[in-house]
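Before any comments, here is the structure.
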2 protein chains.
Amino acid sequence: MNENQILHYALNSFAGIDPAAFELSLPYWQKRQYGKGEFYNEYKNVCKYLGFILDGVFRTYYIDDVTADEKNVFFFSKNQVVVAYKSFVTQTPCNYYTESMTDATVLYIHINHLTQLYQQSHQWERFGRLVAETAFDLAMTRAEDLMFLSPEQRYLDLIQKHPDIFNNVPLYHIASYLGIQAPSLSRIRKRMIGK
Amino acid sequence: MNENQILHYALNSFAGIDPAAFELSLPYWQKRQYGKGEFYNEYKNVCKYLGFILDGVFRTYYIDDVTADEKNVFFFSKNQVVVAYKSFVTQTPCNYYTESMTDATVLYIHINHLTQLYQQSHQWERFGRLVAETAFDLAMTRAEDLMFLSPEQRYLDLIQKHPDIFNNVPLYHIASYLGIQAPSLSRIRKRMIGK
DNA sequence: TGACGATCTTAACTTGGGTTAAGATTATAC
DNA sequence: GTATAATCTTAACCCAAGTTAAGATCGTCA
């Protein structure tokens with residue numbers, strides 16, 4: 001499959017975007033390559049683009065004012081949307097950094113063009129609603145993991161449900177995502193041996 | 001103000017629902033009184049109603065399969081929407097209990113009627129999008145609090161930002177919401193004295 | 001291959017929350 | 001106003017994660 005076919009396939013399975021609706025959007029998608037460590041969106045920047053990851057992994061992180069620690073909030077990987085959702089929706093500055101952790105390729109569309117598509121097409125309006133619901137689900141699941149699971153359970157969950165992330169990301173970034181320090185993750189991994 | 005005026009005022013400030021659009025919805029709103037401890041929506045139930053709280057406080061909580069502990073997820077209070085959002089949107093069974101913590105009065109609308117309003121009116125469609133964005137914001141803020149703040153900071157935050165909840169809810173429910181046990185909250189409160 | 005930087009683990013110690021059960025305080029009902 | 005239940009605090013002990021720094025391992029590239 002070429003890149004447009006991959007994109008159409010993903011949009012169709014996600015939101016039932018048919019060939020005609022996809023055609024509508026085609027002039028608006030652009031492609032960008034990211035080197036490892038490049039920013040998709042920076043702190044204080046308004047996020048103006050919704051991206052679709054053809055390849056690579058991104059992370060969204062927060063930097064604590066006081067301790068200057070980085071805290072990983074989300075990972076985004078292949079065939080997923082990457083966006084600073086709240087900033088994108090409200091067009092306000094973002095509190096996070098969103099950075100590529102690997103070389104990456106992204107197809108992206110400007111918010112103005114997306115808004116245009118919303119007005120032109122029911123299918124795209126539906127897409128907008130589904131993105132909102134997906135964002136809610138992502139945030140809610142994150143909150144639930146933190147509320148209901150121990151760090152150890154969160155670790156096992158991540159391995160099981162997101163091997164693509166686990167296998168492409170250094171452990172200290174995993175630890176930060178799980179809400180613990182690197183030595184704690186090492187201890188958890190040691191405890192697991194033989195279980 | 002009578003109850004319909006309160007509702008219209010809230011809908012107007014939240015989503016710019018004008019008198020005509022409000023009029024459209026009027027036949028669909030119903031009123032219910034809750035005694036303390038009654039359920040707005042139960043575990044495994046599909047949430048079919050979106051509620052607007054005229055008075056009272058509700059909590060949404062999860063029960064751990066293993067320990068049988070209750071974990072408070074959200075509080076909803078006066079002049080806010082109460083709903084099990086994910087269950088409502090997807091019309092799937094809810095993982096939570098949503099229960100009134102005080103006597104309460106709620107105006108509520110059935111999902112089918114709301115969907116009907118979405119189709120009839122742009123203003124109501126906008127309302128639907130804003131509810132989605134509010135739900136996202138609530139879940140994201142919950143996740144951020146758990147990721148970035150210590151239990152102590154979360155406690156101070158709650159007092160400052162949600163005195164209405166803090167003043168109407170027993171401390172052991174607050175502790176559960178903060179993600180700690182009641183004795184820990186006592187220790188935090190003791191530490192605070194003199195600060 | 002060997003050296004450097006990146007990553008991961010370990011150790012030793014500190015800190016704060018979990019657990020359990022008892023006791024103090026507050027609210028509520030009779 | 002007193003009894004009773006609900007709520008809140010305290011104590012004692014345990015355990016997991018935080019912190020810091022050192023050391024082991026892995027990857028990469030000249």
Side-chain angles (χ1 to χ4, degrees), chain A residues 35-38 57 59 61-72 75 99-103 145-159 165-195, chain B residues 35-38 57 59 61-72 75 99-103 145-159 165-195:
Chain A
K36 182 176 173 173
E38 281 190 83
V57 181
R59 70 180 174 119
Y61 62 96
Y62 170 80
I63 296 191
D64 187 300
D65 315 338
V66 181
T67 63
D69 277 351
E70 288 181 10
K71 310 252 189 181
N72 291 320
F75 294 123
E99 183 189 288
S100 77
M101 308 181 69
T102 62
D103 290 350
D145 285 356
L146 293 163
M147 285 187 282
F148 308 146
L149 304 180
S150 67
E152 186 167 322
Q153 290 173 311
R154 294 202 285 275
Y155 174 69
L156 292 171
D157 236 51
L158 185 71
I159 293 176
I165 289 163
F166 182 73
N167 294 317
N168 285 293
V169 167
L171 283 174
Y172 62 89
H173 277 324
I174 303 277
S176 162
Y177 178 77
L178 297 175
I180 57 180
Q181 299 302 117
S184 288
L185 181 53
S186 264
R187 285 186 288 237
I188 286 170
R189 286 158 61 82
K190 196 173 185 185
R191 259 185 254 145
M192 313 292 304
I193 296 169
K195 281 190 188 172
Chain B
K36 181 175 175 175
E38 280 190 85
V57 180
R59 71 182 174 117
Y61 62 97
Y62 170 79
I63 295 190
D64 187 302
D65 314 338
V66 182
T67 62
D69 277 351
E70 289 181 8
K71 310 252 190 180
N72 292 320
F75 294 122
E99 182 190 290
S100 77
M101 309 182 68
T102 60
D103 289 350
D145 284 355
L146 293 163
M147 286 187 283
F148 308 146
L149 305 180
S150 66
E152 184 167 324
Q153 289 172 309
R154 294 202 285 276
Y155 173 69
L156 292 172
D157 236 51
L158 185 71
I159 294 177
I165 289 164
F166 182 73
N167 294 318
N168 285 294
V169 167
L171 283 174
Y172 61 89
H173 278 323
I174 302 278
S176 163
Y177 178 78
L178 297 175
I180 57 179
Q181 300 302 118
S184 287
L185 181 52
S186 265
R187 284 187 288 238
I188 287 170
R189 286 158 58 82
K190 194 172 186 184
R191 260 187 253 143
M192 313 291 305
I193 296 169
K195 278 190 189 169

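Within every chain, numbering begins at 1; the chains are lettered A, B, ... in the order of the sequence lines, protein sequences first and strands thereafter.
Side-chain atoms of A:S186 and A:R189 form no donor-acceptor pair, as typed in the model, at a separation below 3.5 Å.
A straight line from CZ of B:R154 to P of C:dG16 spans 14 Å, rounded to a whole angstrom. Remark: P of D:dA17 and CG of B:L146 are 16 Å apart, rounded to the nearest angstrom. Rounded to whole Å, atom P of C:dG17 lies 15 Å from atom NZ of B:K71. If you take CG of B:N168 and P of D:dT7, they are 14 Å apart, rounded to a whole angstrom. C:dT7 atom P lies 16 Å from atom CD of A:Q181, rounded to whole Å. Taking atom CD1 on B:I188 and atom C1' on D:dC8, their separation rounds to 14 Å, with Å as the unit. At whole-Å resolution of the value, CD1 in B:I180 and P in C:dT20 are 17 Å apart. Remark: P of D:dA6 and CE of B:M101 are 15 Å apart, rounded to the nearest angstrom.
Under the 4.5 Å side-chain criterion, counting only non-hydrogen atoms from C-beta, A:F75 is not in contact with A:N168. Side-chain contact check for B:F166 versus B:Y155: some heavy-atom pair is nearer than 4.5 Å. Side chains of A:E99 and A:E70 form no contact here, defined as non-hydrogen atoms less than 4.5 Å apart. At least one side-chain heavy atom of A:I188 sits under 4.5 Å from a side-chain heavy atom of A:I180. When side chains are defined from C-beta on, A:M101 counts as touching A:V169, because their heavy atoms get closer than 4.5 Å.
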Interface polar pairs with nucleotides 9-15 of chain D, N/O, under 3.5 angstrom:
from, atom 1, to, atom 2, distance (Å)
D:dT9, OP1, B:R189, NE, 3.2
D:dT9, OP1, B:R189, NH2, 3.1
D:dT9, OP2, B:S186, OG, 2.8
D:dT9, OP2, B:R189, NE, 3.3
D:dT9, O5', B:S186, OG, 3.2
D:dA12, N6, B:R187, NH1, 3.4

Return one dot-bracket line describing DNA chain C 5' to 3' (Watson-Crick or G-U wobble pairs, both distances under 3.5 Å; ( ) same strand, [ ] crossing, | another strand, . none).
|||||||.||||||||||||||.|||||||
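Under a 3.5 Å cut-off, the side chain of A:D103 and the backbone N or O of A:K36 do form a donor-acceptor pair. No donor-acceptor distance shorter than 3.5 angstrom exists from the side chain of B:N72 to the backbone of B:S176, with no hydrogens or angles considered. A donor-acceptor contact shorter than 3.5 Å links the side chain of A:R154 to the backbone of A:L178.
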